[in-house]
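Any value given below was found using the heavy atoms of this structure, including those in side chains, with hydrogens, waters and symmetry copies removed. In this text, all values refer to a predicted model and were calculated from it rather than measured experimentally. Letters go in sequence order (proteins before strands), and every chain restarts at 1.
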Amino acid sequence: MADVDITSLLSSIVGPERVTDKDFDIIPYSRDLSPARQKFPTHVVMPETKEEIQEILRIANEHDIPVYIRGGGTSHWDAYLPQEPGILLDMARMNQILDIDERNLTVTVQPSCTFSKLDRELRKQGLTYLCSEAGGPAMTVGGSVMKAGSGPHSTAKFGYHGDSDVITLQMVLPNGDIVETGSAAWPGAGKIKRQCLGPDLAGMFIGAEGVLGVCTELTLRIRPVSNFKERLLTMMSSLDDVIEFGHFINRHVGDEYLQGIYLWVDPNEPDAFLVMMDVFGYEEEIIDHRKRRILQWLKEHGYESMDPAPAHDYFDRILTGLTDIFAAGVWHFFGAGTIAIDKIRFLYKVWKEELVEKRGYKKAGFGGQVVPRSWLAFMVTNYKEPEEWDEIIKLANEINEICHEGPLVPYGIGGKDGLMPYLASHDTGYYRLLKMLKKTLDPKNILQRGIMIPKEELQ
Amino acid sequence: MRIDEYKDMIYACGRCNFCRGQEFNERCPEVFTQYWESSTARGRMAIARGILEGKLKYSEDLAERIFGCFMCARCREECKKAAQIDVIAITKAMREDFVEQGIPIPVEGAQMADSAYESGNIFQESAKAHSAWASGLQFESGSGILFYPGCLASHRFKEKTNILVRVLQAAGYKLDFLGDDQKCCGTPFWISGKMEHATKWVQDYVDMLSERGVKEIITPCPSCFRAFDEEYPSILGVETLPFKVKHTSEVLEEIIERGKLELKNSIDVVVTYHDPCEIGRYKEIYESPRKVIKALPGIKFVEMDRVRADAFCCGGGGGVKLMFSEHSEKVSAERLVHVQATDAEILSTICPACEMNLTHAVYKADAPIRVLDIAELVAVSAGIVDEEILDPYYIPDD
Ligand SMILES: Cc1cc2nc3c(=O)[nH]c(=O)nc-3n(C[C@H](O)[C@H](O)[C@H](O)COP(=O)(O)OP(=O)(O)OC[C@H]3O[C@@H](n4cnc5c(N)ncnc54)[C@H](O)[C@@H]3O)c2cc1C
Ligand code: SF4
Ligand code: SF4
């Protein structure tokens, strides 16, 4: 980093109270939800406006200082930890709901508005945003969309956040330019349509984990709350049945058969497949019909519907926080990503044979959720820090290696302790285009340096 | 270091940020006033871990983050879902570490503990001044039921405390009172981390009360209540003490439920209720005060948006009122905004610290709202005091 007084420069933009270089203020930003190695920013700054971000990026470019971006800081793939000394933007203060447009069914928020707060405010007007992630009360809309979040809720119909619910974005580019996407780019048109003006540039930023720009505003699709819901739970005895059930759900997505399906397999009972379902909608008759069809399928395949209490508990806590998450230690997700419905066999086999049987590791469960045409699947363990750290890293790396050599698309790329090495090792046209975009938009590699694309590949 | 004892809990933080909650900047009163992640539970666990691993040291600069915690337990409540970390215990241990390592702590915090030790109360006043509120009241020495107001209720709320005792006595409670022998319960020691005199203080107090034949303590102060109920047994390493302690919220509920007072006057006002952290989240006493308010004829009871386990602190906790008064004022002003959104004319609560902080906020905003202890509402309804105390511009003698 250049020999300049960065603290003073940043203070001149946001005021001294929103810049810190104190060791005790910095250390809380040095880890994420994963076992990624600790990495420290040199400064943390809390912008409140897009203009402040513009100015910070200008200084960063001028002095060649990398800038990292953090929302709620609940992601788990080394996706905001400073890969080299630099400034971290703590976006926390940009957390307002800017506009609820009841007529066009859209909401415009600042990036660090939490889903939970958004839902609470929307519900006061009988509206909702169907958040699919299970990250709890502090996950932010911006953080989630910037890494194309998805999860147990509502995925069967709606998929990843980025699939259809994002309408327009406002982004500050690495060079400080402020751009809007979709209809918002056309003067006076409003924030009503994503795909209406040339290429879908929102899609370019969704899932880019901040490497192409800082998100400062998002407009999302909202809908009236649905009054009727049913939770179902069953235990299947074969993965083939789970797969067929996945296809059954997938085929009826157009009919809104089911909004959420969550699979969980306990490592001590690797042949028992717990499936939880969440069905909801606007008309009781429709919900009854969907429920009947599911029960009929289960019956035809010899399964019973069990007490749905665990499914209620699970789905009801998606926004407020699942329980006992760290009771047996902190988390590590690995072998995680997107995979075609039939190919979940591959991932399950890796989990069962490589992890549980060959390596004898019986603390990581296997889970997933059906997204249209695919699963979002994962393995997750609870481990004790710091004593089990080495073991868990070695194990997870070995499993990741096998999974990503196969058809599992990495979910959450992040930095060197995330899945970046796997993306970088595949010399695809996609990856070359991504690097080209990055070089064009961020010639000095200021934003999220070392995240998603190794620094050396951009020189 | 005292935090060594909490190593497992500190490492159990999985960094989920549940503790920051959906309001993000507005949930934890410390992050509301100090912005930084280092002011949240997740940040504090990172700091504690850094200290345990030798990557960070306690420093005078750090004091504001550790002593600026309101100890409201909102984060601890949320962490019950995640890792069950006792953030309050760890914060107290960190404050103790400051003192043990000789790192300067906020002067006002140190003074509070010293005053309590030297003069027997946090205001460094005489014992006479400490019991002046009781003038004109009769007590029954040796009755076994001790009325223990604590420092704040004795000094800052003489009239309220006097009214409370009249309510209890009218309901038939035969109260003992320590008079000039009353001293602070010791809370300033564990709030400030200055624990050098705590064990002896606590032991002496228990001996003194046992000798006097005290079987039950009734106190309006949640901190004193928790001191006798939790801190004393913990410091002395015992399961129970020779006496029980009750907070007035439970006693008033008993009075109402058993019909010990005739509630003859209708009080036609809109009332809301602020949950004090130390009886709410700490002790899960949410229903008792509400039952009492709702039982009073005429009252229209309205709830604020953030109540019970989700309630925002009044700004009076953790010693912050003394150590960082501007933070405290910012938080109480915000809580007043929540009150004003209900259009209530009376803000009731049942904690002298909350009453003081919120009263200051009301005065500062010149809001037409009166802050009352629930006992005062009961007193008006039972005809023990005149309804003039309901008037927003009523000024008590104290
Ligand atoms: C209990 C629990 C359950 C979870 N369940 C799920 C789940 O079901 N599905 C799932 O996908 N994840 C899950 N997660 C992980 C996490 O909560 C989500 O990934 C969440 O979306 C991250 O949001 P955040 O605000 O914490 O983002 P952060 O962690 O702060 O950031 C995420 C990424 O976005 C970037 N970013 C943040 N803000 C901006 C911005 N304004 N502009 C540009 N880039 C930005 C960051 O640099 C980083 O790369 C879970 C986490 C927890 C604790
Ligand atoms: S809720 Fe508990 S485990 Fe989660 S970040 Fe906060 S302190 Fe850590
Ligand atoms: S106890 Fe209250 S003030 Fe202290 S960190 Fe927790 S929520 Fe914040």
Side-chain angles (χ1 to χ4, degrees), chain A residues 17-18 20 22-34 38 40 44 46 70-74 76 88 90 92-96 112-121 135-140 317 319-332 382-387, chain B residues 7-28 31 33-53 55-66 75 77-85 94 305-306 310:
Chain A
E17 68 286 352
R18 285 191 278 125
T20 185
K22 299 195 171 92
D23 54 2
F24 54 82
D25 283 334
I26 297 274
I27 209 166
Y29 297 92
S30 64
R31 286 197 169 86
D32 67 4
L33 198 80
S34 77
Q38 198 171 18
F40 298 86
V44 183
M46 284 190 179
R70 205 199 70 171
T74 69
H76 43 87
L88 188 134
D90 177 346
R93 295 190 71 76
M94 296 181 71
N95 73 340
Q96 300 304 306
S112 287
C113 172
T114 62
F115 282 120
S116 183
K117 169 171 147 180
L118 174 62
D119 199 56
R120 184 191 63 193
E121 293 308 312
M139 59 174 171
T140 71
R317 287 182 180 280
L319 286 181
T320 54
L322 303 173
T323 46
D324 290 335
I325 54 174
F326 305 133
V330 298
W331 264 356
H332 188 27
N382 292 93
Y383 72 100
K384 296 275 180 218
E385 279 187 354
E387 57 269 28
Chain B
K7 191 168 178 239
D8 286 351
M9 271 195 203
I10 292 164
Y11 276 96
C13 171
R15 308 172 289 273
C16 63
N17 217 10
F18 282 10
C19 45
R20 181 118 182 205
Q22 64 180 14
E23 289 91 1
F24 224 60
N25 301 334
E26 293 86 23
R27 163 161 298 180
C28 155
V31 86
T33 47
Q34 294 195 43
Y35 299 171
W36 300 105
E37 177 88 11
S38 50
S39 306
T40 67
R42 180 169 71 166
R44 192 158 315 136
M45 294 311 107
I47 291 172
R49 183 170 167 172
I51 291 170
L52 284 173
E53 293 175 350
K55 293 173 183 163
L56 208 60
K57 284 191 165 51
Y58 286 110
S59 64
E60 199 172 350
D61 254 8
L62 172 62
E64 189 175 2
R65 303 287 186 265
I66 308 302
C75 53
E77 191 68 25
E78 210 62 41
C79 191
K80 284 180 183 167
K81 284 180 280 190
Q84 308 264 4
I85 295 171
M94 291 175 95
D305 244 10
R306 289 169 64 181
D310 196 30

Checklist entry - Heavy-atom distance under 4.5 Å to chain B: side chain of Ser34(A), backbone, both or neither? => result backbone
Next on the checklist: With a 4.5 angstrom heavy-atom cut-off, is it the side chain or the backbone of Glu17(A) that approaches chain B, or both, or neither?
Outcome noted: both
Checklist entry - Which residues satisfy the ring-ring contact (aromatic ring centres under 6.0 Å, His included) test with Phe40(A), sequence neighbours excluded? => result none
Next on the checklist: When you compare the side chain of Trp36(B) with that of Tyr29(A), does any pair of heavy atoms fall below 4.5 Å?
Outcome noted: yes
Checklist entry - When only pairs under 4.5 Å are counted, which of Val31(B), Ile47(B), Asn25(B) shares the most heavy-atom pairs with chain A? => result Asn25(B)
Item to check | Per-residue contact mode, Arg317(A) against chain B (heavy atom under 4.5 angstrom) | outcome: side chain
Checklist entry - With only heavy atoms counted, which part of Leu322(A) is less than 4.5 Å from chain B, the side chain, the backbone, both or neither? => result backbone
Next on the checklist: Taking side chain as everything from C-beta outward and backbone as N, CA, C, O, which of these in Ala327(A) sits under 4.5 Å from a heavy atom of chain B? Side chain, backbone, both or neither.
Outcome noted: backbone
Next on the checklist: Any salt bridge linking Glu64(B) with Lys22(A)? Criterion: basic side-chain nitrogen under 4.0 Å from a carboxylate oxygen.
Outcome noted: no
Next on the checklist: Evaluate Glu26(B) against Asn95(A) for side chain to side chain contact (heavy atoms under 4.5 Å, CB included), listing each step before the verdict.
Outcome noted: CA-CA 10 Å; Glu26(B) 293 86 23; Asn95(A) 73 340; 3.8 Å; yes
Next on the checklist: More than 12 heavy atoms of other residues, nucleotides or ligands under 6.0 Å from CG of Asp61(B): yes or no?
Outcome noted: yes
Checklist entry - Would you say Ile325(A) and Phe18(B) make side-chain contact, with heavy atoms under 4.5 Å? => result yes
Item to check | Heavy-atom donor-acceptor pair, Asn17(B) side chain to Gly72(A) backbone, under 3.5 Å | outcome: yes
Item to check | Lys/Arg N to Asp/Glu carboxylate O, Arg65(B) vs Asp25(A), below 4.0 Å | outcome: yes
Checklist entry - Is any side-chain heavy atom of Cys16(B) closer than 4.5 Å to a side-chain heavy atom of Thr74(A)? => result no
Checklist entry - Checking heavy atoms, do the side chain of Arg18(A), its backbone, both or neither come under 4.5 Å from chain B? => result both
Item to check | Heavy-atom proximity to chain B below 4.5 Å, by part of Asp119(A) | outcome: neither
Item to check | Per-residue contact mode, Cys79(B) against chain A (heavy atom under 4.5 angstrom) | outcome: neither
